[in-house]
Amino acid sequence: MTSTVDTPAAQAGRPTPPSGLAAAARAPRWVRYALLAVGLVAALWLPNGLYPAVAVDILCWALFAVAVDLLLGFTGLMSFGHAAFWGASAYVTGLVAIHAGLPFPVAVLAGALAAALLAVPIGYLAVKRTGIYFAMVTLAFAQMVYYVANEWRSVTQGENGLQGVPRSLFGLDLTDDYYFYYAILPIVLLGLAAAWRIVHSPFGRVLVGIRDNPARARALGYPVHRYKLTAFVLSGFIAGLGGGLFAVGHRFVSLDVLHWTTSGKAVIVVVLGGIGTLWGAVLGAALVVRLEDWLSFSGFEAIGLVTGGIFVLVVLLFRRGIWGSAVVLARRWLARRQR
């Protein structure tokens, strides 16, 4: 039954969109292990090759982009409101860390759970729509959350934001971004592993089938709206993990974490890296964050102009994104060698 759900687009005479599931299934096992080893080595090396604060931002944005890709690439839902979960988690994490004095992993977990809880009513209403209507509904809810955070000054401090978010962890000194990076790395890896497990499980295969042909999945007996809602909540939880770590990493939470441009940036990161690849979301986050940091330190003010131009070029020249295009080229090269 699973294979029937996975290939409705192909049976309808349309090419099935590339996905991380297909890439992982076709790649030799040694290639997958080699990529995993390279990724782990790169993660361990990152704060030594870059400014540690930038490396921390890359980890946070990688989680955020993977959360968006879980919806966009594997469920076919374009969300322009994921900043609501990223930002809500940041605020809850900051409040818990400041007022309760709990270790930052506990505060981040509380923020991620709050984001998942917020995703339930929003997702329940949003998944009943598709395409641009779904995107606009998520954007509208995100703007409502932004308005509440701005007006609830007694809790969020309004435009002043939450300041002095602590990095407490059982007495360890994590004021240095270098050591804080390695403190949050296990949390990020667990979040990425959870996303990988989701899309490579039977549940993830059903999501791909829903993405390709929801009518057929519904005819096979799958509760499409329930699956979409579950994926939406899981995506909100992973985005919340990134938002909570971002708040602790910057030791400050502002309204920018809830702004609609934050959601747009996450979508851009996913498209640049490659929709439906997961690896592409991580690569896109690293490239965008590093580029923005380099441009800001060079004194260039129109950063959006450069990132937008690169986005247009990638969409025109690499329709599958950077990682997706690289996977296709590598697959062709391996096929030629096997002949």
Side-chain angles (χ1 to χ4, degrees), residues 39 42-43 45-69 72 79-87 89-90 142 146 161 165 176-178 180-181 184-185 188 191-192 238-275 277-318 321-326:
W45 167 85
L46 197 59
N48 297 284
L50 297 177
Y51 188 56
V54 177
V56 170
D57 279 356
I58 289 175
L59 291 186
C60 299
W61 275 96
L63 276 178
F64 193 16
V66 165
V68 174
D69 195 26
L72 177 58
S79 173
F80 277 131
H82 252 50
F85 314 122
W86 165 271
S89 175
Y146 177 90
V165 178
D176 191 331
D177 289 328
Y178 182 85
F180 179 70
Y181 174 90
I184 70 171
L185 182 58
V188 175
L192 296 178
I238 296 175
L241 279 181
L245 294 175
F246 187 82
V248 180
H250 284 253
R251 310 191 72 172
F252 175 73
V253 183
S254 69
L255 288 172
D256 287 341
V257 296
L258 289 169
H259 201 263
W260 67 268
T261 55
T262 302
S263 299
K265 179 180 175 180
V267 173
I268 290 176
V269 167
V270 172
V271 175
L272 285 177
I275 298 175
T277 61
L278 292 187
W279 279 97
V282 177
L283 177 62
L287 293 177
V288 171
V289 172
R290 182 67 184 94
L291 177 62
E292 289 183 344
D293 175 70
W294 179 74
L295 290 174
S296 62
F297 271 95
S298 65
F300 189 79
E301 297 183 357
I303 297 177
L305 180 64
V306 176
T307 55
I310 294 176
F311 174 75
V312 172
L313 289 176
V314 169
V315 171
L316 293 177
L317 301 178
F318 306 99
I322 297 174
W323 183 262
S325 299

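Between the OH atom of Y178 and the CG atom of N48 there is a distance of 4.0 Å, given to the nearest 0.5 Å. The CG atom of L50 sits 11.0 Å away from atom CG of D57, with the distance rounded to the nearest 0.5 Å. For the atom pair CZ of F64 and CG of L59, the computed distance is 15.5 Å after rounding to the nearest 0.5 Å. Atom OG of residue S263 and atom CD1 of residue I268 lie 11.0 Å apart, to the nearest 0.5 angstrom.
Taking the side chain as every heavy atom from C-beta outward, I322 and L287 approach each other to under 4.5 Å. Side-chain atoms of F180 and D176, non-hydrogen and from C-beta on, never get closer than 4.5 Å to each other. Using a 4.5 Å heavy-atom threshold, the side chains of Y181 and P52 count as separate.
D177 and A53 make their closest contact through OD2-CB, 3.4 Å (heavy atoms, listed as atom of the first residue, atom of the second, distance). Between I238 and L63, the shortest heavy-atom distance links the atoms CG2-O, 3.6 Å. What you find for A83 and L258 is that their closest heavy atoms are O-CD2, 3.4 Å. Closest of all the heavy-atom pairs between G191 and L241 is CA-CD1, 4.2 Å. Residues A239 and H82 come closest through the heavy atom pair CB-CD2, 4.1 Å. Residues V257 and W86 approach most closely at O-CD1, 3.2 Å, considering heavy atoms.
Between the side chains of T262 and H259, not a single donor N or O lies within less than 3.5 Å of an accepting N or O.
For the side chain to side chain contact (heavy atoms under 4.5 Å, CB included) test, residues two or more places apart in sequence or in another chain that qualify with D256 are S254.
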Side chain to side chain contact (heavy atoms under 4.5 Å, CB included) between V282 and W61, worked out: CA-CA 8 Å; V282 177; W61 275 96; over 6 Å; no
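The aromatic rings of H250 and F246 are tilted relative to each other, their planes meeting at an angle between 30° and 60°.
Formation of a donor-acceptor pair under 3.5 Å by the T277 side chain with backbone atoms of G324 is not found in this model.
For the pair K265 and W260, the NZ or CZ position fails the cation-pi test of under 6.0 Å to the six-membered ring centre and within 45 degrees of the ring normal.
Remark: of the listed residues D293, V188, V289, V288, V289 is the sole one forming a side chain to side chain contact (heavy atoms under 4.5 Å, CB included) with I58.
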